[in-house]
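Because the structure is predicted, anything quoted here is derived from the model rather than measured. Within every chain, numbering begins at 1; the chains are lettered A, B, ... in the order of the sequence lines, protein sequences first and strands thereafter.
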Amino acid sequence: MAGSDLFTGSLDLLILKALSWGPRHGYAVGRWIRDTTEEEILVQEGALYPALHRLERRGLVAEEWGLTDTNREAKFYRLTAEGRRRLRDEAERWGRFARVMRLALDATAEAP
Amino acid sequence: MNTPFRLPDDPRRAKADVEREIAFHLEQRAREFEAQGLTPEAARQAALASFGDRERVLAACADERAETLRRRSRLGWLAELRQDLGGALRGLGRAPGFALVAILTIALGIGANSAIFAVVRSVLLAPLPYPAADRLVQLWTDERASGRATPEWLTPPDFLDWQRENRTFQSMAAYQGWGPDLTGDGEPEALQGGTVTAGFFATLGIRPALGRDFSLADDDAAAPPVVIVTDGFWRRRLGADPAALGRPLTLIGEPWTLVGILPPNFRSPALTDAEIWRPYRRPATSGCRRDCIVLRAIGRLKPEATMVQAHQDLATIASRLATEFPETNRGRGVWLIPLHDQITGTSRAALVTLAGAVGLVLLIACVNLANLLLVRGASRGRELAVRAALGAGRGRLLRQLITESLLLAALGGALGLALAVVAGGALSSLVPPAVRAVQRIRIDGAVVAFTALVTVLSGLLFGALPAMRSVGVNLMEVLRMASRPGGRRSGRLRHGLVVAEIALSVMLLVGAGLLFRSFLAMQRVDLGFRTEGVVTASVTFPRARYQEPTRAVAAIEDLLGRLRAHPAVAAAEAVDQAPLSGGGDQDTGMTAPGEPKPELGGGVWYRTVSTGYLQVLGFRLVAGRMFEPADQSSSGIPIVINQETARRFWRDRSPVGRELVDDDGNRATVIGVVADGRPDGPREPVKPEMFVPIGRFPVRGVTLVLAPTAGREAALAAIRETLRAVDPLVPIAGTSTLEAAAREAVALPRTYAGFVLAFAAVALLLAAIGVYGVMAFSVTQRHREIGVRLALGAAPAAVRRMFLVEGARLAGWGALIGAGAAAALATGIRSLLFGVGPLDPVTFLAVPLLLGAVTLVAAWIPAARATRIDPLSAIRAE
């Protein structure tokens with residue numbers, strides 16, 4: 001379903017990152033991702049919601065119903081302790097991956 | 001985001017949740033496009049387009065969500081329980097006084113129940129400590145046809161016939177007491193033992209741990225003498241030396257070979273103090289005929305046999321014997337009692353009564369707590385209403401309140417169990433020694449499980465009603481009139497509970513009163529002889545060295561003479577069977593020449609005494625004279641009888657100078673009559689008795705009866721000293737005092753009365769707290785009304801009277817209902833009563849009066865407070 005995403009799995013990590021500053025509802029999560037990724041990752045906004053619910057089922061995020069700033073009732077998501085740990089591990093893994101990919105793709109000499 | 005709150009989780013709502021969430025997203029997105037200048041309709045289309053396939057997203061999300069909700073509801077109750085427990089703990093922490101009273105109340109109730117359950121289980125419910133113990137039966141003869149109300153022992157020939165001819169018993173064995181003196185290495189010692197037929201231990205399912213059991217060959221009179229000893233004796237006297245097997249022990253001056261040692265956990269069902277056992281050597285040749293009632297017997301039923309079949313089986317044999325030997329066996333039947341009932345039967349009524357008493361205490365405790373919780377629930381109405389408004393469902397609130405009660409119950413139950421464990425040692429005093437010797441009282445897993453069950457049940461019992469009442473009140477009502485918690489309905493419920501509590505207390509108090517008055521009546525019974533300061537000690541001059549009985553009597557006289565001369569002894573006498581020591585001998589063949597034979601069978605109980613015995617023990621002479629020293633050697637047999645014997649043979653005529661003749665033609669002349677006594681204890685009926693001088697009726701074993709000049713110890717030292725001079729090989733057995741024996745005779749009734757009295761006191765206290773609580777709450781609730789009344793000129797005394805009347809009404813109903821229930825139940829404890837009827841008017845008057853007084857005091861305190869209310873501030877407070 002997230003087939004149109006640039007990188008499979010990256011959406012989950014971005015959602016966790018989006019929630020790292022505190023509880024947000026789904027729309028706010030989507031907006032943050034759009035804004036920070038130049039709309040490259042989230043091509044179809046609907047793909048966000050199955051991902052959120054999957055994360056909730058795995059216990060990485062938890063839901064809370066609450067009121068928005070405009071006093072609308074909405075479902076908020078927040079990171080669980082497990083989700084916060086996962087975010088830290090995955091971000092580190094992505095960093096390493098990105099660095100070695102960069103190194104490899106920027107290589108100027110043929111391996112000996 | 002602000003004020004988050006949770007909605008109830010429901011998997012069926014999964015799809016609706018997701019739809020709501022997506023609708024919110026689309027709406028927000030459309031607003032964003034609108035802000036960029038699109039028309040509302042175009043913005044909506046743009047939002048939908050950038051969202052993607054809405055239906056597919058919806059379906060995918062709904063699946064995930066349903067799974068999440070399913071899992072959460074599985075884990076949810078745990079989380080909620082944690083939440084409820086946390087809330088309950090915090091709630092109790094906020095009301096520490098309430099928590100303390102509640103926990104102590106419930107601990108007392110549950111602790112008492114656990115303790116009594118431990119006793120009831122160990123004594124009444126647990127099987128005896130033998131394999132397949134339910135097959136064991138005590139065998140008696142039934143002599144009711146000859147007027148004996150109680151089961152009788154067996155004669156050796158009858159026993160042998162039963163054993164040989166029966167078809168329903170796997171095995172049978174007979175036994176009787178034995179008291180050999182042990183000499184040789186170490187101090188001479190009078191042992192307690194038993195004589196058993198081969199198969200006694202096998203019938204019980206017990207095998208010696210070392211050595212062998214008795215065999216049929218050991219029962220032969222010509223067989224070499226052998227003994228089996230208990231593990232305790234083996235350790236105590238033989239240093240636990242396995243080599244002691246096969247060696248001889250010197251008993252009664254003869255060598256007996258030790259052939260077996262019983263296992264350490266062996267407990268005999270009878271003769272519970274016996275340490276040493278010998279075979280019953282060929283009863284048929286013992287000279288004991290079918291009129292010689294000397295054996296008790298047990299049997300083990302065949303696996304398929306029932307009690308009824310066994311009874312028919314033996315009854316057939318008995319009726320054959322009755323035809324064959326009409327002289328002795330006519331009317332002699334069979335009386336079978338399961339061994340478990342035989343041993344524990346006497347304590348059943350008392351234990352059931354105690355179990356009932358503690359059950360009542362727990363019930364009262366629960367009612368009291370329910371009342372406390374009702375009052376507390378009423379004052380918490382607002383808290384609950386707020387929580388309900390925040391989305392907590394009625395079931396959720398109910399669950400929380402019940403969790404609170406269960407937490408209280410659990411804390412109380414744990415404390416109660418601890419109390420029961422601490423009290424464990426004292427519990428064995430609730431059981432007769434004969435039962436205690438066989439059945440051990442333990443606090444084990446079953447008691448813990450019982451405690452847990454009772455805890456949960458009490459938690460529900462005292463928690464459910466107040467919780468339902470609290471949740472059931474109209475929440476809006478409570479919110480609106482916040483200052484008036486509780487209503488008329490809950491007031492009625494509280495009053496009903498207090499009436500129940502008082503009624504239950506009355507039942508307990510009546511029971512306690514009846515038992516206590518029974519105990520007092522037993523204390524007051526005239527035993528017919530004095531017990532104060534009388535020291536007793538038993539000695540036996542063994543047949544081995546005192547072949548001629550007259551030599552033993554001479555030794556006894558010698559001993560008594562030396563004792564009388566001793567400075568520590570004021571008086572020394574002897575009797576073959578001390579009073580209050582149980583048992584005694586009975587002569588069934590006594591007749592008075594020229595008088596009709598007494599209607600009912602049962603003979604005269606006789607004691608062989610030294611000539612000063614009756615005077616020293618203070619028997620009261622009614623007619624004739626007491627014994628004189630010359631009576632020991634007179635040509636006839638002079639006897640002193642009691643009034644019951646005189647009545648039985650000569651009714652209202654003077655018996656002095658008249659004669660009694662026994663089966664063998666011996667003639668005895670009545671020289672005096674003493675007042676009736678109760679040598680078997682205050683609870684036993686008066687029996688026909690007679691006393692014979694020891695010189696005319698020689699015995700080898702006697703109990704010395706001493707009046708000391710300077711204390712018990714000095715008197716015992718004097719006995720040891722003089723006995724050494726008379727015969728250094730004769731040991732002293734069983735030293736005691738008559739006072740101790742008299743105390744022992746009423747020890748159990750005193751314990752029962754004490755326990756039930758203590759329970760009743762707790763019940764009374766709880767009832768008083770209940771009345772106080774309800775009245776105090778009533779005063780608080782009617783604060784304003786009282787203020788108005790006082791402002792309008794009502795006298796303070798009238799206000800006080802209003803509350804006192806309310807309290808008196810509660811007490812009145814409670815006492816009435818309780819007395820009625822007590823009257824219905826009291827007949828159930830008739831067997832425990834003595835000297836008072838189950839409807840004893842003193843008890844039934846005193847208890848309601850006591851309860852009324854206590855209730856009025858409990859009501860007085862809040863009532864007095866009501867009169868001190870300041871009318872102005874009370875009215876302004878609204």
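Of the charged side-chain nitrogens involved, none lies within less than 4.0 Å of a carboxylate oxygen, so that B/E67 and A/R58 do not count as a salt-bridged pair.
No other option in A/A28, A/G59, A/A74 has as many heavy-atom pairs under 4.5 Å with chain B as A/A74. Of the listed residues B/A62, B/G52, B/A49, the one with more heavy-atom pairs under 4.5 angstrom with chain A than any other is B/G52.
Rounding to the nearest 0.5 Å gives a distance of 9.5 Å between CZ of B/F51 and CD of A/Q44. In this structure, CG in B/D63 is found 12.5 Å from CZ in A/R54, a value given to the nearest 0.5 Å. Considering CZ of A/F76 and CD of B/E21, their distance stands at 11.0 Å, rounded to 0.5 Å.
When the salt bridge (Lys or Arg N to Asp or Glu O under 4.0 Å) test is applied to B/R54, no partner is found at least two apart in sequence or on another chain.
Looking only at side-chain heavy atoms (C-beta outward), A/Y49 and B/L58 stay at 4.5 Å or farther from each other. Looking at A/E45 and B/H25, their side chains come closer than 4.5 Å, going by heavy atoms from C-beta outward. Within the 4.5 Å cutoff, side-chain heavy atoms of B/V18 are placed close to those of A/H53.
Heavy-atom distances place the backbone of B/D53, and not its side chain, under 4.5 Å from chain A. Heavy atoms closer than 4.5 Å to chain B are found in the side chain of A/R31, but not in its backbone.
The two residues B/C61 and A/P50 have their closest heavy-atom pair at SG-N, 3.2 Å.
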Review point. Between B/R65 and A/E63, is a salt bridge (charged side-chain N to carboxylate O under 4.0 Å, His left out) present by the stated rule, with each step listed?
Key: CA-CA 11 Å; B/R65 175 126 189 99; A/E63 64 167 21; 2.7 Å; yes
Review point. Checking salt bridge (charged side-chain N to carboxylate O under 4.0 Å, His left out) for the pair A/R57/B/E64: CA distance, chi angles, key distance, verdict?
Key: CA-CA 7 Å; A/R57 175 168 61 78; B/E64 292 281 356; 2.6 Å; yes
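Open room surrounds CZ on A/R86; 12 or fewer heavy atoms of other groups in view lie less than 6.0 Å from it. Summarising the local packing, NZ of A/K17 is surrounded by 12 or fewer heavy atoms from other residues, nucleotides or ligands at distances under 6.0 Å.
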